Amino acid sequence: MLNAFKLIGKLGEIKDKMKEVKERLQFIKIIHETEDGLIKVYATATKEIKKIEINENMLVPAAKEDLEEKLVKALNETIAKCDKEGKKETKESLKGSLPDIPGLDIDSLPI
């Protein structure tokens with residue numbers, strides 16, 4: 001059984017590491033480009049969209065609906081990449097810090 005004081009110490013260590021991860025995530029750049037290359041989304045791993053580039057071929061009135069659909073898809077895929085990168089950073093940072101608790105899954109931790 002885990003020593004309660006040791007566990008409390010580990011929780012403080014984990015909290016500090018999580019804070020470090022959150023600070024690092026703002027400097028990790030995520031770039032996602034649609035399959036057809038018409039839209040490119042730039043974000044940070046904190047899910048902050050920094051820039052969207054749209055190919056000029058998409059800027060015709062007839063392509064409005066297509067552009068809107070592609071933007072929604074591109075943004076959602078960018079956010080998914082941000083989540084993946086955030087979880088990867090968290091997992092790396094917490095490696096060896098978490099006590100062996102059955103059922104604890106680092107991937108399910110909120111970031």
Side-chain angles (χ1 to χ4, degrees):
M1 180 165 249
L2 290 173
N3 179 330
F5 292 111
K6 188 175 182 181
L7 182 59
I8 291 170
K10 281 285 188 187
L11 291 176
E13 181 182 327
I14 291 167
K15 182 180 173 186
D16 291 343
K17 286 189 178 190
M18 290 296 293
K19 184 178 177 186
E20 290 173 17
V21 169
K22 285 187 177 191
E23 289 172 5
R24 279 198 318 265
L25 292 179
Q26 65 187 327
F27 298 106
I28 296 174
K29 295 180 173 134
I30 306 292
I31 300 171
H32 176 74
E33 188 170 350
T34 56
E35 290 177 15
D36 56 14
L38 296 175
I39 298 172
K40 194 180 277 189
V41 180
Y42 298 81
T44 66
T46 57
K47 304 174 193 172
E48 181 181 357
I49 304 298
K50 293 293 195 174
K51 179 180 175 183
I52 299 174
E53 290 180 0
I54 302 170
N55 183 292
E56 61 187 48
N57 294 333
M58 294 295 298
L59 300 176
V60 293
K64 179 184 181 297
E65 188 174 316
D66 190 36
L67 173 62
E68 291 169 345
E69 289 173 9
K70 286 183 182 295
L71 274 171
V72 168
K73 183 177 180 189
L75 291 170
N76 285 327
E77 289 173 352
T78 303
I79 289 169
K81 282 184 175 183
C82 292
D83 279 339
K84 184 177 179 181
E85 188 65 29
K87 287 181 186 214
K88 181 180 122 191
E89 284 290 313
T90 302
K91 199 172 202 172
E92 287 175 15
S93 181
L94 294 178
K95 200 178 284 184
S97 294
L98 288 175
D100 188 20
I101 300 173
L104 179 62
D105 180 16
I106 292 176
D107 290 332
S108 67
L109 294 174
I111 297 174

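Residue numbers count from 1 along this sequence. Note that the structure is a prediction, hence the values are computed from the model and not measured.
Thr34 places no side-chain N or O within donor-acceptor distance of the main-chain N or O of Ala74, the cut-off being under 3.5 Å. Between the side chain of Glu85 and the backbone N or O of Cys82, no donor-acceptor pair lies under 3.5 Å.
No more than 12 heavy atoms of other residues, nucleotides or ligands shown are found within 6.0 angstrom of CD on Glu65.
Taking CG of Asp83 as the start and OG1 of Thr78 as the end, the distance is 11.0 Å to the nearest 0.5 Å. Here the CG atom belonging to Asn57 is positioned 10.0 Å from the CG atom belonging to Asp36, to the nearest 0.5 angstrom. Taking CD1 of Ile31 as the start and NZ of Lys51 as the end, the distance is 9.0 Å to the nearest 0.5 Å. With rounding to the nearest 0.5 angstrom, the CG atom of Leu38 is 8.5 Å from the CD atom of Glu33. If you take CD1 on Ile52 and CG on Leu71, they are separated by 5.5 Å, rounding to the nearest 0.5 Å.
Shown here for Gly86 and Leu25, the closest heavy-atom pair between the two residues is CA-CD2, 3.7 Å. A pairwise comparison of heavy atoms in Glu89 and Ile28 identifies CG-CD1, 3.4 Å as the closest pair.
No path of Ile, Leu, Val, Met, Phe, Trp and Tyr side chains, each step under 4.5 Å between heavy atoms, connects Ile79 with Ile39, placing them in separate hydrophobic clusters. Under a hydrophobic clustering in which Ile, Leu, Val, Met, Phe, Trp and Tyr are joined whenever their side-chain heavy atoms come within less than 4.5 Å, directly or via other members, Tyr42 and Ile54 fall into different clusters.
The hydrophobic side chain of Val60 is isolated, with no ILVMFWY side chain under 4.5 Å apart from it.
Put simply, the side chain of Lys22 does not reach to within 4.5 Å of the side chain of Thr46, judged on heavy atoms.
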Test salt bridge (Lys or Arg N to Asp or Glu O under 4.0 Å) on Glu68 and Lys64; report intermediate values, then the result. CA-CA 6 Å; Glu68 291 169 345; Lys64 179 184 181 297; 2.4 Å; yes

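Salt bridge annotation for Lys81-Glu77: absent, with no cationic side-chain nitrogen under 4.0 angstrom from a carboxylate oxygen.
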